[in-house]
Amino acid sequence: MLKLMKYELRKTGFAKLVLLAVTALSELSYLLGVFLKKDQLMYTGLSVLIFGASLGLFYIGIDSLLVFYRDLNTKQSYMLFLIPKNSYQILGAKVLENGISIFLSGAFFAALAAANATISILYVGGLREFLEMVQKMLRQVHIVATIDWGIVIATFFLILAVWLLAIVTGYLAIVLSATVLAGKRFSGLASFAVYVLLERVMALILTQVYRVTGPGRLLAGPILCIFVMVAVMYAVTGWIMERKLSV
Amino acid sequence: MEFNPALPIYLQVMTAIKREIVTGTLEMGARLPSVRELAVQYAINPNTAGRVYRELENEGICFTRRGMGTFVTEDAQKVAQLKEAMADELARQYLDGMRRLGITREEALRRLGRFSPVSVLEEKGE
Amino acid sequence: MLECREITKKYGRKTAVDQVSFCIEPGHIYAMLGPNGSGKTTLMKMAVSLVKPTSGAFYYKGQPVGVDSRREIAYMSTEPYFYNWMSAEDVGRYYQDFFEDFSMETYHALLERMELDPRTKTKAFSSGMMAKLKIAVTMARRAKVYLLDEPLNGIDLLARDEIIRSILEAANRDVALVISSHLVDELEKVVDTAIFIRESRLADVCEVEALRIMQGKSVVDRYREIYGHGGEQTC
């Protein structure tokens, strides 16, 4: 399994490297802006960082879908399907590698954001005073401006989990278009339609679960539900691959 | 090896080996290549190579010693007989070919006289 | 050892393979012959479970083929398939990672014989080099069955000799090789059995030397008989 994951990482490595480079450059620009008091650099760096973080995760996800598509629909498929590993192992390696990448990247960006926020507060003139003013204001109106870090982190995980689910659903759609829908007209459109449908269904299930469990302990209910759905998607996709896939 | 694909390969390889033995290229008692080596050397199927050695052994031209390999016979008389047999075969083929051309046996034999060893070689340009 | 029973593959209305049955035994080298589109490639792909049959099945040592049989059956496709970001050396390591019977030593020896630089990325390979790499990586495995689809295509004359040599070196009592090729005459001396596929069906299976002994026919002659005037010309 590890070996499969190693190669999955190498396949998606380029996209991740690009993201890392962009992040590094923009972070550098931001830091230089803060410490050299060059506002322009700072704002550019910061906006690219924010833009990069949100788009970056999106980019990694799409890239992994593209890699999967290529792995099923070009001759490179032989590399994966001639080895003595079954579809569950192959798909599992992809899902795991993706999941780990998403969560690590997410954590990385979160840490970066926290670090940058701290630096901002400490070093960017005016910001500290502004925040103190805001806190004073809120205290006057008796709003306890405490941030429940637990919920923040849980929401963060929720977003990442949702993104992973979206990708795994994407895998299912791609497999469907390569097997059940293969050769039929409008297969691309059909698999996209299936994808949208599945997303709707899952959103519905999720809202029901949330209604039942509420935010609970750190959004445990919804997050668990999402992971269950990821598992289901994985199992179904793996089954179809194993039984129906011809490359 | 130039070979005729419509004729049994094993026979053609056997003839090639016999020729080497008769001319002394393969000395008496010399070790022959293994079946696999023979297959690679002549680019033939290993089963065919095995058959070559089996048939040669049947004819007494070579013998196998377990674990050591296959060797050319050390019997000089056997080699001489082989040479005779191969020469006779060539002669037979010549006379047969001439007969099919409609040339009489006497004429065929006389033709041979026209070819001295030197001129044959000159023709070949060797 | 490797057997198909009434195996059929249909793509919609088109039948690629129609109820073919034959058995591949160890200790033999087979030629699988037939024109383009006769079903040879589909048959080989079904033997390694790359393509799932419509009906019938392939069995390896009595079990239906699947993931496990790939450990002992090596398939070489006609098309190039390596990740183009890999070098020849990377491809070797990939095979080593996933195939227990892969020998890096044999691989390097074969690369050298075919004059391929392990460090070059496959992106930069010509079609001839790709063809050689495919062979090298396949024959570096110590498999029990080799299914080679057009191994001599696109390969220069001298390299063909090297490939035939590596095929003969891999052959032994426990191993079976199946070679599908258009170059029928190149295979005349090398194979002992010929499987003829015609229009998705099995047309004939001949023992090649017996064909010569009893009928005075070469494989090419028999090919022309089966396929008529459309018989493949040799290069």
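These numbers come from the heavy atoms of this one structure, side chains and all, not from hydrogens, waters or symmetry mates. Numbers restart at 1 for each chain; the letters A, B, ... are given by sequence-line order, proteins then strands.
Proximity to chain C (any heavy atom under 4.5 Å) is shown, for A/L4, by both the backbone and the side chain. Looking at A/E242, both its backbone and its side chain come within 4.5 Å of chain C, counting heavy atoms on both sides. Only the side chain of A/K6 comes within contact range of chain C, judged by heavy atoms closer than 4.5 Å. Using a 4.5 Å cut-off between heavy atoms, A/R70 makes no contact with chain C at all. Using a 4.5 Å cut-off between heavy atoms, C/F99 touches chain A through its side chain atoms alone. The contact between A/L80 and chain C is made by backbone and side chain atoms together, counting heavy-atom distances below 4.5 Å. In this structure, no portion of C/D68 lies under 4.5 Å from any heavy atom of chain A.
Of the charged side-chain nitrogens involved, at least one lies within less than 4.0 Å of a carboxylate oxygen, so that C/E162 and C/R165 count as a salt-bridged pair. No salt bridge links C/D174 with C/R142; every basic N to acidic carboxylate O contact stays at or beyond 4.0 Å.
Note: C/R71 leads C/M46, C/E100, C/R71 in heavy-atom pairs under 4.5 Å with chain A.
A 6.0 Å sphere centred on NZ of C/K10 holds no more than 12 heavy atoms belonging to other residues, nucleotides or ligands. Within 6.0 Å of CD on C/E6 lie more than 12 heavy atoms contributed by other residues, nucleotides or ligands.
Formation of a donor-acceptor pair under 3.5 Å by the C/T122 side chain with backbone atoms of C/M86 is found in this model.
Both tests pass for C/K9 against the ring of C/Y11: distance under 6.0 Å to the centre and angle within 45° of the axis.
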